[in-house]
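Notes for the one structure printed next.
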Amino acid sequence: MSEERSLNFLEEIVEADLASAKHTIIHTRFPPEPNGYLHIGHAKSICLNFGLADKYGGKTNLRFDDTNPVTEDTEYVESIKADVRWLGFDWEEEHYASDYFDQLYTLAVDLINKGLAYVEDMSAEEIAASKGTPTEPGKESPARSRTIEENLRLFTAMKNGEYNDGEKVLRAKVDMASPNMHMRDPIMYRIKKTNHHRTGDTWCIYPMYDFAHGQSDSIENITHSICTLEFEVHRPLYNWYIEQLNTFPSTQFEFARLNLTYTVMSKRKLLQLVQENLVDGWDDPRMPTISGLRRRGFTPASIRNFCEKIGVQRRENIIDFGLLEFCIREDLNKTANRRMVVLDPIKLIITNYPEGKSEILKGENNPEMEDNGGYRDLPFSRELWIESEDFQEVPQKKWFRLAPDMKVRLKSAYIVQCTGFNKDAQGKVTEVLCEYIPESKSGSDTSGINVKGTIHWISADSALNAEVRLYDRLFNAENPLDEEGDFKSNMNPNSLVIIPQAKIEPDLKHALPGDQFQFIRKGYFCLDPKFTTAEKLVFNRTVTLKDAWAKMGEK
RNA sequence: UGCCCGAUAGUAUAAUGGUAGUACGUCAGAUUUUGGUUCUGAUUGUCUUGGUUCGAAUCCAGGUCGGGCAACCA
């Protein structure tokens, strides 16, 4: 019944490697640098790495690529671990590149001893200048001809703190004329007299990415080192270190990073939004971060499903944000309890319903579930709140909500017929007058009347208030980076609309932070864990419902 | 005017020399006590020019377009 999905290119590689006995077990890793929060692009990488190992009975490590103490912090380490777990993955081993500093140092010394690394005296600017350009070869540094003994002495001195930042670096001796810029004697170690979040002041020299990452893979016996396309040109260097040091032959494979419409994905740009207070932190529900999506109401399953649906390839791509919305609706439709909430209330008065009378009706929790997911109480009385947009004084064509003389069903209650309305001094409709049909009670309707429209409502005397936050896309442009000027100039000014006093049904007072609901006809919402207090409930809109009516309006 | 990579409906992703399929989107219809859900149908595609072949999205060559590479970042 579950038809075979065809393999993606990484699965094909793994199957081939297993079939040829190149590897008997596969070992992947997810290697974030702890310098920011994880985003949906990382989720793709996580699903790929863990998914591959799961599928083929292998293992996945979590490794923090913490080789640059200037930008990294334990705060990020903790958030990353929490996010990976929340997504539903558990790592085999937890490692830190900083745990390998001793081993990496030994490997560097090994390379010096082989005459394949040397200590450089030039400044960063001088190195850059002598590196040449993509079309012209670089020039070999005078330091390239230092003796092994001198290199060992100088490298030890670097390690011992005898030089200041920038005075010396260790370089691999590869090829200054290589057409690949990364092979022109790349830097292996630089001096940074900065406190490291894990190793403190033990080290003042830190390995560069190309050296540290590849060798960390080897140390952990990673068979398939999966990274994004921009590292493709680094692969020859990755392989060079392995060959020269004769370490475990990990292999690097690249895939295209995820791009999403109407947002930005680079850590640098997300950091800017946070630092300039354009959003409410890394976990702002509008952010494409895992923590933002979580607060917005996305479920781990919906994100995993999304990653499955987008597939993986080596070509640049930009995924429609609508696909993510589809995934969360698909999930929540099956699991979220239905509740009635009126965002923009006007009064509906049932003139033939006795004053002072009230009754308790039953509302199904979820029609998609077995036994409708059970029922909750819905107090009903003469005065109700309804959505102001559900009444039109002069109905437009194909309108089947309330308008003079028209009938609608009040969800889970009675059919009512509009008999009139009242306006305030400004001409705004404030009250809609109706008569109800007693025989039309939900579940025991003997009226024989069929109506096209059903609207949501809340009994005025038992309604509670809550703040509701409506989120929309963060940027107006599909790809904010394609537009003229600063990407921030394309931000959507209406990406957050706060409704301070929405009317909610009484049952919602039992909601717990993170609980998810479908507000009937309005969308999926969750109780915000950050702003909700004992006195005030705050709901975040995860996503709207599909709205065929609104779509007709656009045409 | 260097090196590397890529190009299949609007967006993604299959087809591994043999009928171009799937999902999302869009459009239409049915069902519906959510203009939701569900169901049915429709819609639109192999960048280009040559070559190899009985047969090319697939292999080869040229072109075009797009992306990446010259941080003591990862």
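Note on naming: letters A, B, ... go to the chains in the order of the sequence lines (proteins, then strands), and numbering restarts at 1 for each one. The figures that follow rest on heavy atoms only: side chains count, while hydrogens, waters and symmetry mates do not.
Around atom CD of A/Glu370, no more than 12 heavy atoms belonging to other residues, nucleotides or ligands sit under 6.0 Å away. Within a 6.0 Å sphere centred on NZ of A/Lys452, heavy atoms belonging to other residues, nucleotides or ligands number 12 at most.
In this model, a side-chain donor or acceptor of A/Ser442 finds a partner on the base of B/U33 within 3.5 Å. Below the 3.5 angstrom threshold, one finds no donor paired with an acceptor across the side chain of A/Arg329 and the base of B/U37. The base of B/U34 sits with one of its N or O atoms less than 3.5 Å from a complementary donor or acceptor on the side chain of A/Gln518. Within 3.5 Å, no donor on the side chain of A/Arg315 pairs with an acceptor on the base of B/U13, nor the reverse. Judged by atom type and distance alone, A/Glu232 does not reach the base of B/G6 through any side-chain donor-acceptor pair under 3.5 Å.
Across B/C72, B/U33, B/A12, the shortest atom-to-atom separation from the side chain of A/Arg409 is found for B/U33. The A/Trp549 side chain lies nearest to B/G35 when the options are B/U34, B/C69, B/G35. Here the nucleotide nearest the side chain of A/Lys551, chosen from B/C27, B/U11, B/A14, is B/C27. Taking only side-chain atoms of A/Ile319, from C-beta outward, the nucleotide of B/C73, B/A12, B/U33 with the closest atom is B/A12. Proximity note for A/Asp65 (side chain, C-beta onward) versus B/A74, B/C72, B/A70: the nearest is B/A74. The A/Pro179 side chain lies nearest to B/C3 when the options are B/U34, B/A74, B/C3. Of the candidate nucleotides B/G68, B/G35, B/G36, B/G35 has the atom nearest to the side chain of A/Lys398. When each of B/G35, B/A14, B/A71 is scored by its nearest atom to the side-chain atoms of A/Ala128, the top-ranked nucleotide is B/A71. If you check B/G67, B/A12, B/U34 against the side chain of A/Glu316, the one that comes closest is B/G67. Closest to the A/Glu230 side chain, of the nucleotides B/G68, B/U37, B/U1, is B/G68.
Residue contacts shown for A/Thr71 are absent, as no nucleic acid heavy atom lies under 4.0 Å away. Nucleic acid contact class of A/Glu368 (heavy atoms, under 4.0 Å, all strands): base. Among the protein residues, A/His182 comes within range of the sugar-phosphate backbone only, with heavy atoms under 4.0 Å from sugar or phosphate atoms but none that close to a base. Within the 4.0 angstrom heavy-atom criterion, no nucleotide atom of any strand lies near A/Glu120. Residue A/Arg401 is in base contact, counting any heavy-atom pair closer than 4.0 Å across all strands shown. At the heavy-atom level, A/Tyr209 lies under 4.0 Å from base atoms of the strands shown. Across all strands, A/Arg314 comes closer than 4.0 Å only to sugar-phosphate atoms, never to a base (heavy-atom distances). Nucleic acid contact class of A/Leu323 (heavy atoms, under 4.0 Å, all strands): sugar-phosphate only. Among the atoms of the strands shown, none is found under 4.0 Å from any heavy atom of A/Pro32. Using a 4.0 Å heavy-atom criterion, one finds that A/Phe231 contacts the bases of the nucleic acid, with or without backbone contacts as well. Contact annotation for A/Met122: base contact, defined as any heavy-atom pair under 4.0 Å involving a base atom. Among the atoms of the strands shown, none is found under 4.0 Å from any heavy atom of A/Tyr206. Heavy atoms of A/Asn180 sit nowhere under 4.0 angstrom from any nucleic acid atom. Within 4.0 Å (heavy atoms only), A/Gly138 reaches no atom of the nucleic acid at all.
Ring geometry for A/His213 versus A/Tyr238: interplanar angle of 30 to 60°, hence tilted. Relative orientation of the A/Tyr100 and A/His95 rings is tilted, given thresholds of 30° and 60° on the angle between their planes.
Both tests hold for A/Arg198 against A/Tyr96: distance to the six-membered ring centre under 6.0 Å, angle to the ring axis within 45°.
The side chain of A/Ser123 contributes no N or O atom lying less than 4.0 Å from OP1 or OP2 of B/C72.
Salt bridge present: A/Glu230 and A/Arg257 bring a charged side-chain N and a carboxylate O closer than 4.0 Å.
The aromatic ring centres of A/Tyr414 and A/Phe380 sit less than 6.0 Å apart.
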